[in-house]
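What follows is one structure encoded as structure tokens, with my remarks underneath.
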Protein chains: 4
Amino acid sequence: MARARSPEKRAAILEGAVLEIAENGLGAATAKIAQRAGVAEGTLFTYFANKEELLNELYLELKGEVYARVNAGFPQKASLERRAQHVWTTYLDWAIEFPMKRKASVLLNVSDVITADTRARAAIGRELVDAALTELEGRGGLKGLPAGFAAATMSAIQEAAMDFIAKYPKQRKDLTERGFLLLWRAVK
Amino acid sequence: MARARSPEKRAAILEGAVLEIAENGLGAATAKIAQRAGVAEGTLFTYFANKEELLNELYLELKGEVYARVNAGFPQKASLERRAQHVWTTYLDWAIEFPMKRKASVLLNVSDVITADTRARAAIGRELVDAALTELEGRGGLKGLPAGFAAATMSAIQEAAMDFIAKYPKQRKDLTERGFLLLWRAVK
Amino acid sequence: MARARSPEKRAAILEGAVLEIAENGLGAATAKIAQRAGVAEGTLFTYFANKEELLNELYLELKGEVYARVNAGFPQKASLERRAQHVWTTYLDWAIEFPMKRKASVLLNVSDVITADTRARAAIGRELVDAALTELEGRGGLKGLPAGFAAATMSAIQEAAMDFIAKYPKQRKDLTERGFLLLWRAVK
Amino acid sequence: MARARSPEKRAAILEGAVLEIAENGLGAATAKIAQRAGVAEGTLFTYFANKEELLNELYLELKGEVYARVNAGFPQKASLERRAQHVWTTYLDWAIEFPMKRKASVLLNVSDVITADTRARAAIGRELVDAALTELEGRGGLKGLPAGFAAATMSAIQEAAMDFIAKYPKQRKDLTERGFLLLWRAVK
DNA sequence: GATGAATGAGGTTTCATTCAT
DNA sequence: TATGAATGAAACCTCATTCAT
């Protein structure tokens, strides 16, 4: 059952999953994941009913981690631009700091193992971000477009920016700032 | 002479691969792919040495198909904006028309089975697009950023746009146009 | 603790391998071997990483079994002739008693799956035999010939003797004795 | 059918089989054999009904080749010792000259694909050898032992000798001569 | 709860043989 | 006759999951 005795072990398994998935894709073997986590093959299944659940939980964990970062220090009273920039920068920093997590996150995202329910649950914790992005969507460039388009666009440009930051780490600061400018010009 | 290798059969296998991958991810079974293509399990391996080669060939095929479309009717003499818009629209149309191909393309793209060599070979046929995008990179929004950033940004925004067009097909025209405007404002 | 790996199961797999190989050669299917051993196909691979390892381990097992027999009751203080005869007789008896093992052993021997390392490791446990045969090589018939030639010659004549004993089991005793006489006259 | 149009092609296939079998054992793929022979996969089956027949034919070919050599220049009127030595030397020379053929021959010999009928047919052409060996069997060391034991013993010692000649080619002459002496002392 | 041996379905790939060309 | 594409059974091996310990 999913009643975890040791949160450390649970975390270790998720961590192992990140590494294995980043290296071998979603086809990563549960046995390898367990091994990386330093637990027995069977132990994995006392923390997660099956592989699918593990992947969905991992998705939630990764999203949750990012949102927690974004929410901490969120400049709630600042201008829309400052708030948007906070979201932009925080996520970019996280992705650069944890490239494996980002890789796993991307793979989970495009796969079909993540259920609609999981995606919905991942939205919780994203209220502040959503509020800012919704405000953005009332603006010039995005007015009239479907809800969520701003978020999608931002995240899309971020993916591009991240790939380049990964390739040219020295230009990280520049790419982060100029990337946001690009976005801002697009949507403002 | 013995029977000649049939381009139709090769195409059928690639087509089967697209469908299976779109439904089941890159873990799609070669046996299922062969079945979809209407050939025997073993036949797949007379056309592709192994699954990895099949996936790499499929990648080339999909990229090639898109570039062929883009190149056909490319307004070489037109303004940069018109050329950029041509690229934008053509790719978007292709992706909307063949959602399975797009899905497979995305999965291949983020996976690690596509070799650097294959990615390099895929670049052939993209000269016109590259020329336009390179010109774009000399412009205001992107000046000084690494080469390829324009292409990445465009493709990133396109991915976002496509997701929404898939969800709201009725707004296709609007999303296509407004999406490009977004991009254009960002980079000009 | 989980279930411990069972030496009985390991032995059963090796036993199954002997039978299958004796009947079908080294091409014997791992599935058939597992079936003979009364375990699941997959179980075989928890005991041996792959078929090659299984074959190498089997080789060691068979050699080890013979040497154990030879060493038990080895007349260490007796004359060279008596010691040589002990080796001769013991091996011959083993081969007659376990024709399947001998068959498997022969096939493994001439195949290329047995690594140099395995062959080297098999030498351990053969010290007594080697000592006797080395002493033999200092004698008339073999003096000046490369080390190991005595062993090779003995084993060669034994192979011949065994084939005949297999064909004429009633003359077993006579063939065993006369065969040794042959050898002895050759090398003394 | 086995009605060969081109003896050259047939020979090429057998030659290819020798090389492939020497390298990969009897599991050698017919396609690879055909490739080595410079003919198409299917062509192999116009010369040999199936793989089993190919292997049996190859066995006959190899045995035939050796016996042809032995018979050519057979000192029919010479002493038994000289005749035995002729057999000994000729075979050893052949095996040293064509190590691949010898390897294939050994593998075929210990396998079960060679039918009793094939083995019987291989005996044709061995009359001179058999006559000499039969005479040998009437002698001291072998008297009373089953027919064929002399041949088996000789061939057994030869195998040992060959292994060593292969390892120490410089001692070839010495090993050939001393090996025969060994045999001769054993049986005379 | 933790462990890892056991399982067997399923995956990729090979291969002898057939047969259209 | 020669060719090599086509076939599908069968080979080796992996893996998610179960369960005895």
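Protein chains get the first letters and strands the later ones, always in sequence-line order, with residue 1 at the start of each.
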If you measure from CG on B:L14 to CG on B:L19, what distance do you get to the nearest 0.5 Å?
11.0 Å
Can you tell me how far P of E:dT13 sits from CD of B:E53, to the nearest Å?
10 Å
For F:dT1, take OP1 and OP2 only and decide whether either is under 4.0 Å from a side-chain N or O of D:Y47.
no
Knowing that exactly one of C:K101, C:R10, C:R121 qualifies, which makes a salt bridge (Lys or Arg N to Asp or Glu O under 4.0 Å) with C:E61?
C:R10
OH of A:Y67 to CD1 of A:I124: how many Å apart, nearest 0.5 Å?
11.5 Å
Using a 3.5 Å limit on both distances, find every run of at least three consecutive Watson-Crick or G-U pairs that involves DNA chain F.
E:2-21 with F:2-21
Atom CG of B:L54 and atom P of E:dG11 are separated, to the nearest Å, by 15 Å
Starting at atom CD of B:Q35, determine the distance to atom P of E:dG10, rounded to an integer number of angstrom.
13 Å
Does B:R3 put a side-chain nitrogen or oxygen below 4.0 Å from OP1 or OP2 of F:dA6?
no
Taking CG from B:L44 and P from F:dA9, how many angstroms apart are they, rounded to a whole number?
17 Å
Does E:dA5 have OP1 or OP2 under 4.0 Å away from a side-chain N or O of C:T46?
no
When rounded to the nearest 0.5 angstrom, what is the spacing between OG1 in B:T118 and CG in B:L55?
10.0 Å
Return the CG to CG distance between A:L60 and A:D117, rounded to the nearest 0.5 Å.
8.5 Å
What is the separation between atom CZ on C:R10 and atom P on E:dA6, rounded to the nearest whole Å?
13 Å
Ignoring hydrogens and angles, tell me if any N or O in the side chain of D:K9 forms a donor-acceptor pair with the backbone of D:A37 under 3.5 Å.
no
CZ of C:R5 versus P of E:dT3: gap in Å, rounded?
17 Å
Once you round it to whole Å, what is the distance between P of F:dA10 and CG of C:N24?
13 Å
Atom pairs under 3.5 Å: protein N/O with N/O of nucleotides 14-17 of chain F:
unit_1	atom_1	unit_2	atom_2	d
F:dA16	OP1	A:A28	O	3.4
F:dA16	OP1	A:K51	NZ	3.0
F:dA16	OP2	A:T30	N	2.6
F:dA16	OP2	A:T30	OG1	2.7
F:dT17	OP2	A:K51	N	2.9
F:dT17	O4	A:E41	OE1	3.3

Nearest-Å distance for atom pair CD1/C1', residues D:I13 and F:dT3
13 Å
Using a cut-off of less than 4.0 Å, is there contact between a side-chain N or O of A:T43 and OP1 or OP2 of E:dT3?
yes
From B:T30 OG1 over to B:L54 CG, what is the distance, rounded to the nearest 0.5 angstrom?
8.5 Å
Who pairs with D:E23 by salt bridge (Lys or Arg N to Asp or Glu O under 4.0 Å), at least two apart in sequence or on another chain?
D:R36
Between CZ on residue A:R119 and CG on residue A:N109, distance to nearest 0.5 Å:
5.5 Å
